[in-house]
Number of protein chains: 2
Amino acid sequence: MYEKILDIAEQLFMTQGYQATSTRQITEILGVTQPTIYYHFKKKEDIYYAVMLRLSKDIEQNLTKFVEDPTQQLESKLISMVEFLREKHPFNFFVMMHDVQHSLPKEMTTKLYQLFSSSYKGPFIRLLKENREKLQASVDIEFAVSQLFILMASYLDNTNPKDNISEMIYLYLHGIYKE
Amino acid sequence: MYEKILDIAEQLFMTQGYQATSTRQITEILGVTQPTIYYHFKKKEDIYYAVMLRLSKDIEQNLTKFVEDPTQQLESKLISMVEFLREKHPFNFFVMMHDVQHSLPKEMTTKLYQLFSSSYKGPFIRLLKENREKLQASVDIEFAVSQLFILMASYLDNTNPKDNISEMIYLYLHGIYKE
DNA sequence: GTCTATACCCAGATAGAC
DNA sequence: GTCTATCTGGGTATAGAC
């Protein structure tokens, strides 16, 4: 049941957000009563943390594989990694970021942000550092990765009609300006 | 009182979000009782719409002035416009986008998205179209403006430690890649 | 482990007095 | 126009039976 709760909670939290997802809704889908949750978790926010922990472990492992792939170049690695996030994490990134920053208690925010930074951003930062010589000298890598995540958010968001990740990566790498 | 409600509601909605802002909180700040709101507005979501309507009119007028300024070039116009949004709209864009997409009824979402597209995005689209010859031929302008807004969101968000808008615009225009 | 019952709180909204 | 009083419904969480 613990894992089942996480499965449903993951889906609901990531699509509707933390506040909009009630413990009742989770248990209704599972066909059990609402207090059942409180045998497995002490508080609602603990469910959120457990969901994020499970998710981020999986994400980090897989992203790292792409970074270490010796057969691919920077641009195609980036595309693969973003494609992977789209498949594995077909949620609205905005919802997640919003929750981490606004829907949860402060301490939880800190813990979640650390989790997110290492698992999600970490592999991208490593990738760009290993390709430092291909980047403009003035670029701040941590900043550049933040920007990429923001862009990705719009991509993994279904409100964006476009579906061409390589186009997004191209703009990210080369900008919109004619040289 | 109507305008006063909008003033307070604007601030609360834009910082805390729609769901986290209660009618009680708004009226407490104003020093009146909670039902007072329902003399001026039929539903809570009507307050949100009125706030967005007032805000977006102001934003559109001002952004358009920058676009029409004959003394500035593309890059400095972009910087001015984003700076203006930061001053006038010192809110978390994510919060607003999250609300528009997830916290409000579907019909309202549509209305708000149209409002946002014309008032906020409109002037930027116009600016890029008027500078078409300076952009890479492959760039889709509507898409490029969407990307800019996403980037801006991270900028107007206080979680981003960096505070240099021109750096963001530079990356947006030129990308991170060494040519 | 899951149930029933329920406490408690806070939300949006309405009725009707002043 | 704003008030008091109140309805209704939703949420998280707990106690204790089975």
Side-chain angles (χ1 to χ4, degrees), chain A residues 1-54 95-96 98-109 111-112, chain B residues 1-54 95-96 98-109 111-112:
Chain A
M1 182 53 61
Y2 181 89
E3 286 295 326
K4 280 186 188 172
I5 292 173
L6 289 189
D7 291 340
I8 303 295
E10 174 176 310
Q11 208 198 331
L12 296 180
F13 282 149
M14 294 299 153
T15 50
Q16 306 176 338
Y18 180 77
Q19 288 195 27
T21 302
S22 68
T23 54
R24 284 192 218 278
Q25 193 185 5
I26 295 170
T27 51
E28 260 168 34
I29 293 174
L30 287 169
V32 295
T33 56
Q34 180 259 350
T36 301
I37 279 201
Y38 291 87
Y39 175 80
H40 300 279
F41 299 90
K42 200 165 176 293
K43 285 173 298 179
K44 184 187 173 189
E45 57 181 273
D46 292 344
I47 310 175
Y48 196 87
Y49 187 69
V51 164
M52 289 296 295
L53 202 61
R54 195 179 67 163
V95 171
M96 191 177 87
H98 179 271
D99 283 337
V100 169
Q101 290 171 33
H102 300 95
S103 304
L104 293 146
K106 233 190 209 168
E107 316 159 11
M108 189 55 82
T109 293
K111 281 166 72 179
L112 287 172
Chain B
M1 182 55 59
Y2 181 88
E3 287 294 327
K4 280 186 189 173
I5 292 173
L6 290 189
D7 291 340
I8 303 295
E10 175 177 309
Q11 207 198 330
L12 296 180
F13 282 149
M14 294 300 154
T15 49
Q16 306 177 339
Y18 180 76
Q19 288 196 27
T21 301
S22 68
T23 54
R24 287 187 157 84
Q25 193 184 4
I26 295 169
T27 51
E28 259 169 35
I29 293 173
L30 287 169
V32 295
T33 57
Q34 181 259 351
T36 301
I37 279 200
Y38 290 87
Y39 174 79
H40 300 280
F41 299 90
K42 202 166 174 295
K43 285 173 298 179
K44 183 187 174 188
E45 56 181 273
D46 293 344
I47 309 176
Y48 195 88
Y49 186 70
V51 164
M52 289 296 295
L53 203 60
R54 195 179 67 163
V95 171
M96 190 177 87
H98 180 271
D99 284 337
V100 169
Q101 290 171 33
H102 300 96
S103 303
L104 293 146
K106 233 190 211 168
E107 316 159 10
M108 189 56 82
T109 294
K111 282 167 72 180
L112 287 172

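Throughout, a chain's letter reflects where its sequence line sits, starting with A, and its residues are numbered from 1.
- Rounded to a whole Å, the CD atom of Gln34(A) is 9 Å from the C1' atom of dG11(D).
- Annotation: the terminal axes of the helix from dG1(C)-dC18(D) to dC18(C)-dG1(D) meet at 0°, where each axis is the rotation carrying the C1' atoms of four end pairs onto the next four (5 pairs per end, rounded to 10°).
- Every residue meeting the side-chain contact (heavy atoms from CB on, under 4.5 Å) condition with Asp46(B), not counting sequence neighbours, appears here in chain and number order: Phe41(B), Lys42(B), Lys43(B), Met108(B).
- Atom-to-atom distance recorded for His98(B):NE2 and Tyr18(B):OH is 13.5 Å, nearest 0.5 angstrom.
- Atom CD in Gln101(B) sits 14.0 Å away from atom NZ in Lys106(B) (nearest 0.5 Å).
- A distance of 9.5 Å separates CD1 of Ile47(B) from OH of Tyr2(B), quoted to the nearest 0.5 Å.
- How far CG of Leu104(B) is from NZ of Lys44(B): 8.5 Å, rounded to the nearest 0.5 Å.
- Scanning both residues, Thr15(B) and Val95(B), for their nearest heavy atoms gives O-CG2, 4.1 Å.
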Pairs of donor and acceptor atoms involving the side chains of residues 21-32 of chain A, under 3.5 Å and at least two apart or interchain, shall be tabulated with distances.
unit_1, atom_1, unit_2, atom_2, d
Thr21(A), OG1, Leu12(A), O, 3.3
Thr21(A), OG1, Gln16(A), OE1, 3.0
Thr21(A), OG1, Gly17(A), O, 2.7
Ser22(A), OG, Gln25(A), N, 3.0
Thr23(A), OG1, Gln34(A), NE2, 3.2
Thr27(A), OG1, Thr23(A), O, 3.1
Thr27(A), OG1, Arg24(A), O, 3.0

Write down the protein N/O and nucleotide N/O pairs, taken from nucleotides 7-10 of chain C, whose separation is under 3.5 Å; answer none if there are no such pairs.
none

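- Taking every heavy atom of residues 38-49 of chain B and every atom of DNA chain D, pairs under 4.0 Å involve Tyr39(B), His40(B), by number.
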For this session: Dump the intermediate steps for side-chain contact (heavy atoms from CB on, under 4.5 Å) on Tyr48(B) and Met52(B), then the final yes or no.
Result: CA-CA 6 Å; Tyr48(B) 195 88; Met52(B) 289 296 295; 3.7 Å; yes
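- Following rounding to the nearest Å, Met108(B) (CE) and dG12(C) (P) show an atom-to-atom distance of 15 Å.
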Under 3.5 Å between N/O atoms: give me all the protein pairs with nucleotides 16-18 of chain C, atom names plus distance.
none

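- Applying the side chain to side chain donor-acceptor pair (under 3.5 Å) test to Glu107(B) and every residue at least two apart in sequence or in another chain returns nothing.
- The interatomic distance linking Gln19(B) (CD) with dG10(D) (P) rounds to 14 Å, in whole Å.
- Residues of residues 26-33 of chain A having a heavy atom closer than 4.0 Å to DNA chain D: none are found.
- Ranked by how close their nearest DNA chain D nucleotide is to the 5' end, Gln25(A) and Pro35(B) are led by Pro35(B).
- Within the 4.0 Å cut-off from OP1 or OP2 of dG11(D), not a single side-chain nitrogen or oxygen of Thr23(A) is found.
- Atoms CE and CG, from Met1(A) and Asp7(A) in turn, are 11.0 Å apart once rounded to the nearest 0.5 Å.
- With values rounded to the nearest 0.5 angstrom, His102(A) atom NE2 is found 11.0 Å from Gln19(A) atom CD.
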